[in-house]
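Shown next, in structure tokens, is the structure this report addresses.
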Amino acid sequence: MKEFYPWSKAVYDETIKKYMNGSFSVLDIQLSGKCNFNCVYCDSPDRNIKAQTDFIHLENLVREDKGKYDWMFVCGLGEPLYNENKVALLQLLALCKEMGIKCSIFTNGSNMDELILNYVREGVLYPIIKVDTFSQKLAQELYGSRNAYKTLQVMEELFSISEGINDAVCHVAASIVPTTKNLEEIPYIVKKCIEHNAFPLIGQLEYAGNAIGAYEDLLLTREQLIELKEQVDSLIGMDYSVPICPAVISGIHVASNGYVTVDRKSGLSCSWFWLETPDVENVCNVNQIKSFCEAEQKIKEYRKKSIDQLLALKKDIQEYPFGGCGGNVKDLFDDYMNIQSKIIV
């Protein structure tokens with residue numbers, strides 16, 4: 001199975017090498033919670049939050065650090081292809097193209113136009129697109145009838161682009177959330193990913209925020225997930241696991257409220273690997289800093305004081321059949337602790 005380029009071992013190893021020498025090489029940017037969709041899987045309490053990041057200032061910070069950042073991830077909140085989010089995204093994509101930075105977004109794809117698709121063709125943009133079904137009927141139920149057809153069209157278009165790129169890695173990943181509604185369809189989706197050079201990124205239903213108590217009929221049992229993993233292992237011919245997202249360890253996370261945040265439990269730069277409501281600490285406001293070096297220092301200080309807490313936390317970490325967003329939590333923490341024991345600065 002080919003790797004998804006942004007989460008490939010080569011990219012991860014390079015970002016870790018730079019991190020161990022004291023430098024973060026990934027920016028992890030949230031836009032806003034604004035979205036025209038009401039997907040059944042998303043009941044975020046932050047759905048209507050407005051982005052408070054000064055994107056002109058952020059752009060200037062990136063320009064001052066020319067050559068420092070290899071990747072920009074836009075994920076974690078809201079749909080990046082709608083409303084003011086799309087304006088900000090296009091600004092960031094133009095910046096990435098100019099500065100030689102590669103970008104990845106998490107999207108339902110329903111408002112993806114030729115301008116965005118060209119960034120994929122040019123090797124600037126590597127999208128993670130929600131591919132929970134190829135059934136028109138089920139898509140209407142999950143995404144809403146107004147946008148289901150366009151979403152399915154974009155999935156097919158992205159798969160076509162990815163299939164035509166004969167690299168050693170995948171340019172598109174399919175974010176697949178197994179539930180009681182699409183469980184039987186997952187093997188078909190995985191097969192289609194393999195055929196079209198797209199990476200199947202399978203994760204458990206995020207049971208968090210306002211969604212708690214709302215979607216019991218969608219949740220799969222641990223036994224069902226284990227059985228599904230065995231099917232997926234058989235299809236891809238190896239033991240399937242969600243790779244570690246480099247932004248978790250090597251990224252500076254800029255939240256939609258303009259703050260650089262860390263996960264309060266671990267000190268890591270992304271908290272969405274927990275299948276529960278994130279708990280974050282604001283370390284500085286990106287609108288007020290003169291350099292991302294200030295943010296780096298704050299993150300390092302928080303991580304240093306949270307190591308003992310993380311060691312205690314590891315004892316109670318639950319192993320998930322597929323893993324949370326950003327990689328299996330146990331594997332991620334094992335790797336992080338090993339890295340911290342060898343870190344140079």
Side-chain angles (χ1 to χ4, degrees), residues 6-7 11-32 51-78 80 85 87-106 124-126 244-264 266-272 278 280-306 326 336 339-340 343-345:
W7 290 18
V11 168
Y12 180 72
D13 287 348
E14 183 63 23
T15 64
I16 293 302
K17 179 182 176 182
K18 291 181 178 180
Y19 172 69
M20 290 179 70
N21 282 282
S23 179
F24 291 73
S25 57
V26 181
L27 291 172
D28 184 19
I29 312 295
Q30 279 186 347
L31 301 180
S32 78
Q52 296 173 37
T53 301
D54 182 341
F55 288 105
I56 298 295
H57 180 61
L58 187 146
E59 183 176 329
N60 289 334
L61 292 175
V62 175
R63 289 183 188 281
E64 289 173 11
D65 287 334
K66 186 174 183 179
K68 177 178 173 63
Y69 302 107
D70 300 316
W71 286 91
M72 182 181 294
F73 291 168
V74 178
C75 64
L77 178 70
N85 280 353
V87 175
L89 176 64
L90 288 171
Q91 178 183 339
L92 294 175
L93 284 172
L95 176 67
C96 286
K97 184 174 181 179
E98 175 192 341
M99 304 290 286
I101 299 170
K102 296 186 182 300
C103 181
S104 180
I105 64 173
F106 179 78
V124 176
L125 179 62
Y126 299 79
I244 297 175
C245 171
V248 178
I249 297 176
S250 306
I252 298 173
H253 180 68
V254 181
S256 59
N257 61 5
Y259 280 90
V260 174
T261 69
V262 293
D263 175 49
R264 191 167 281 146
S266 66
L268 294 173
S269 298
C270 174
S271 56
W272 291 98
V280 299
E281 179 82 12
N282 296 334
V283 296
C284 63
N285 192 315
V286 76
N287 301 327
Q288 297 172 0
I289 60 175
K290 296 179 180 179
S291 167
F292 271 123
C293 291
E294 296 178 46
E296 287 184 354
Q297 189 57 37
K298 295 285 187 182
I299 295 170
K300 291 172 188 174
E301 289 170 2
Y302 195 93
R303 289 184 178 183
K304 185 176 180 180
K305 72 178 185 180
S306 68
Y336 174 61
I339 290 163
Q340 288 299 105
I343 202 159
I344 295 172
V345 292

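Partners of K17 by salt bridge (charged side-chain N to carboxylate O under 4.0 Å, His left out), not counting sequence neighbours: none found. E294 meets the salt bridge (charged side-chain N to carboxylate O under 4.0 Å, His left out) test with no other residue; sequence neighbours excluded. Listed by chain and number, the residues in a side chain to side chain donor-acceptor pair (under 3.5 Å) with K18 are D70 (sequence neighbours excluded). Every salt bridge (charged side-chain N to carboxylate O under 4.0 Å, His left out) that K68 has, sequence neighbours left out, goes to E296. Not counting sequence neighbours, the partners of Y126 by the ring pair (Phe, Tyr, Trp, His ring centres under 6.0 Å) test are Y5, W71, H171. Contacts of D65 classified as side chain to side chain donor-acceptor pair (under 3.5 Å), with partners at least two apart in sequence or in another chain: Y69.
At a threshold of 4.0 Å, the pair E59-R63 counts as salt-bridged, since one of the basic side-chain nitrogens sits closer than that to a carboxylate oxygen.
A heavy-atom distance below 4.5 Å is not found between the side chains of V248 and Y336. You'll find the side chain of K298 stays beyond 4.5 Å of the side chain of V260, heavy atoms only. Using a 4.5 Å heavy-atom threshold, the side chains of C75 and D28 count as touching. Taking the side chain as every heavy atom from C-beta outward, F55 and V87 never approach each other to under 4.5 Å. At a threshold of 4.5 Å between non-hydrogen side-chain atoms, the residues N282 and N257 count as touching. Within the 4.5 Å cutoff, the side chain of R303 has no heavy atoms near those of the V262 side chain.
Side-chain atoms of N85 come within 3.5 Å of backbone atoms of S32 as a donor-acceptor pair (strictly under, hydrogens ignored). With hydrogens and angles disregarded, no donor-acceptor distance shorter than 3.5 Å links the side chain of S269 to the backbone of I252.
The heavy-atom pair separating D263 from C270 by the smallest distance is CB-O, 4.1 Å. Between Q52 and N287 the shortest heavy-atom distance is O-ND2, 2.9 Å. Minimum interatomic distance between L31 and A51 (heavy atoms only, all atoms of both residues): O-CB, 3.3 Å. In plain terms, the two heavy atoms of S250 and I16 that are nearest each other are OG-CD1, 3.6 Å. Taking all atoms of both residues into account, the shortest heavy-atom contact from F292 to L61 is CE1-CB, 3.7 Å. Across H253 and T261, no two heavy atoms sit closer than the pair CD2-OG1, 2.9 Å.
Distance check: F73 CZ to S104 OG gives 5.5 Å after rounding to the nearest 0.5 Å. The line from CD1 of I244 to OH of Y12 is 4.0 Å long, rounded to the nearest 0.5 Å. Separating the OG atom in S291 from the CD atom in Q297 is a distance of 11.0 Å, to the nearest 0.5 Å. Rounded to the nearest 0.5 angstrom, S306 OG and I299 CD1 are separated by 11.5 Å. Going from atom NZ of K66 over to atom CD1 of I101 covers 10.5 Å, rounded to the nearest 0.5 Å. Note that CG of L89 and CE of M72 are 10.0 Å apart. Values are rounded to the nearest 0.5 Å.
With 3.5 Å as the limit, one finds no donor-acceptor pair spanning the side chains of Q30 and Y259.
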Do V62 and L92 pass the side chain to side chain contact (heavy atoms under 4.5 Å, CB included) test, and can you show the C-alpha distance, the side-chain angles, and the key distance before you say yes or no?
CA-CA 10 Å; V62 175; L92 294 175; over 6 Å; no
Would I29 and L58 count as a side chain to side chain contact (heavy atoms under 4.5 Å, CB included) here? Give the steps.
CA-CA 10 Å; I29 312 295; L58 187 146; 3.8 Å; yes
